[in-house]
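Presented below is the structure to which this report refers.
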Protein chains: 2
Amino acid sequence: MKLSGGVESALHCCVVLTSVAEPVPATRLAELHGVSGTYLAKQLQALSRAGLVQSVQGKSGGYVLTRSPKEIAVLDVVEAIDGREPAFVCTEIRQRGPLATPPEACAAPCAIARTMHAADRAWRAALREVSIADIARMVGDDYDGDVLGKVGGWLVSG
Amino acid sequence: MKLSGGVESALHCCVVLTSVAEPVPATRLAELHGVSGTYLAKQLQALSRAGLVQSVQGKSGGYVLTRSPKEIAVLDVVEAIDGREPAFVCTEIRQRGPLATPPEACAAPCAIARTMHAADRAWRAALREVSIADIARMVGDDYDGDVLGKVGGWLVSG
DNA sequence: GACGTATTACTCGGATATGGACTGTCCGAGTAAGTGTGG
DNA sequence: CCACACTTACTCGGACAGTCCATATCCGAGTAATACGTC
């Protein structure tokens with residue numbers, strides 16, 4: 001089980017977008033983070049499709065958060081990039097083989113699927129309780145000096 | 001994020017191994033579950049390396065659980081197959097780009113990594129609280145008639 | 001009948017091809033700002 | 001001086017190769033049961 005690497009970039013982008021009000025181009029976000037610009041664009045497109053950021057075209061365009069960082073959960077970003085399907089997919093093994101369980105007795109998920117899905121819900125619940133604003137606050141607490149403010153200034157400069 | 005498909009097979013194997021005391025060959029387990037025998041062998045080897053099952057070679061050999069099903073957590077099986085590494089890997093984006101955070105200020109994980117790892121711990125905790133014995137009990141509760149007993153009988157027959 | 005040995009057939013174990021998904025990249029469509037001209 | 005149209009340059013968006021890991025498979029090493037011959 002491995003999470004898509006783009007999730008990390010997308011989260012960092014959302015956090016830094018907290019500190020600016022005007023659109024920021026994907027190229028500039030990529031430059032800030034030291035990642036491939038053309039690839040980061042892919043992640044930002046996904047965020048745009050999910051409605052988390054809004055794309056502004058034309059000169060001096062870019063991406064802006066669509067709503068307050070307090071209203072954007074980390075889970076929203078993760079699901080936008082990595083998809084909403086649960087990590088565990090039940091292939092109904094119980095319905096195969098010589099001792100297969102008859103289909104009419106398989107209305108409810110099997111015990112294994114129930115357990116795995118419960119864990120999946122716990123994972124998502126933990127990510128739903130943390131917002132982008134919380135992350136921004138943690139970053140501010142971690143480092144002295146207004147780090148996010150400086151980043152915001154750099155993003156809008158030149 | 002997608003969990004390896006072999007996890008499902010491995011879990012089913014552990015559950016059915018609950019109902020027998022003698023070694024069961026990988027071929028027979030594959031036949032019971034209607035999956036590829038040569039591929040299931042790979043998963044069973046992983047379980048063996050993790051110490052969850054013991055392999056018995058030679059004629060009438062196979063695999064046996066090494067300890068009581070009550071002492072085998074679902075998490076043990078998942079980690080044996082899918083690895084112990086967390087799903088989120090932090091590539092230290094904060095240390096890259098023009099506004100990179102100096103390495104000496106990066107002793108602790110960043111806020112994003114902390115959040116993702118906390119969710120990972122919640123996921124693993126949920127899987128650690130359920131044992132193979134619990135799964136077996138759930139299966140017994142789901143269906144009337146001693147399903148696992150029948151499966152065990154089939155496994156040792158012929 | 002009992003023992004020892006060789007055979008045999010069955011098991012696991014690691015090394016080997018194949019497929020799909022994530023990673024990384026490119027160029028075209030569209031838009032807003034800037035510029036120059038005319039009134 | 002102001003309004004308008006045009007040019008321009010910059011943006012996003014979807015379509016295109018490369019690379020890595022999970023999937024699926026094969027054959028060889030090892031072992032316990034079995035069959036056989038001998039005492």
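Throughout, protein chains are lettered first and strands after them, A, B, ... in sequence-line order, and every chain is numbered starting at 1.
The CG-P distance, from A:L3 to C:dC22, rounds to 11 Å in whole Å. When rounded to the nearest whole Å, the span between NZ of A:K2 and C1' of C:dG20 equals 15 Å. C:dA32 atom P lies 16 Å from atom CD of A:E22, rounded to whole Å. With rounding to whole Å, A:I81 atom CD1 is found 10 Å from C:dT23 atom P.
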Got a list of protein N/O to nucleotides 14-17 of chain C N/O distances below 3.5 Å?
{"residue": "C:dG14", "atom": "OP2", "partner": "B:R49", "partner atom": "NH1", "Å": "2.9"}
{"residue": "C:dG14", "atom": "N7", "partner": "B:Q45", "partner atom": "OE1", "Å": "3.3"}

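To the nearest 0.5 Å, the span separating OG1 on B:T91 from NE2 on A:H33 amounts to 10.5 Å. Interatomic distance, CD1 of B:I135 versus OG1 of B:T18, reported as 10.0 Å (0.5 Å rounding). Summarising the geometry, atom CD belonging to B:Q54 is positioned 10.5 Å from atom CG belonging to B:L65; distances are rounded to the nearest 0.5 Å.
Within residues 50-63 of chain B, the residues that have a heavy atom under 4.0 Å from DNA chain D are, in order of number, B:Q57, B:G58, B:S60.
Of the possible donor and acceptor atoms, none in the side chain of A:S48 sits under 3.5 Å from a partner among the backbone N and O of A:L44. Side-chain N or O atoms of B:R128 include none that pairs as donor or acceptor with a backbone N or O of B:A73 at under 3.5 Å. Looking only at distances, a side-chain donor or acceptor of B:D134 sits under 3.5 Å from a matching main-chain atom of B:S131. Between the side chain of A:T66 and the backbone N or O of A:G51, at least one donor-acceptor pair lies under 3.5 Å. For the pair A:D120 (side chain) and A:F88 (backbone), a donor-acceptor distance under 3.5 Å is absent.
Along DNA chain D, the stretch of nucleotides lying under 4.0 Å from any heavy atom of chain B spans, 5' to 3', D:dT23 to D:dA33.
A sub-4.0 Å separation between OP1 or OP2 of C:dT23 and a side-chain N or O of A:Y39 is present.
Side-chain N/O atoms of A:Y143 and B:R94 include a donor and acceptor closer than 3.5 Å.
Salt-bridge annotation for B:R124 and B:E79: present, with a side-chain N of the basic residue lying under 4.0 Å from a carboxylate O of the acidic one. At a threshold of 4.0 Å, the pair B:R67-B:D76 counts as salt-bridged, since one of the basic side-chain nitrogens sits closer than that to a carboxylate oxygen.
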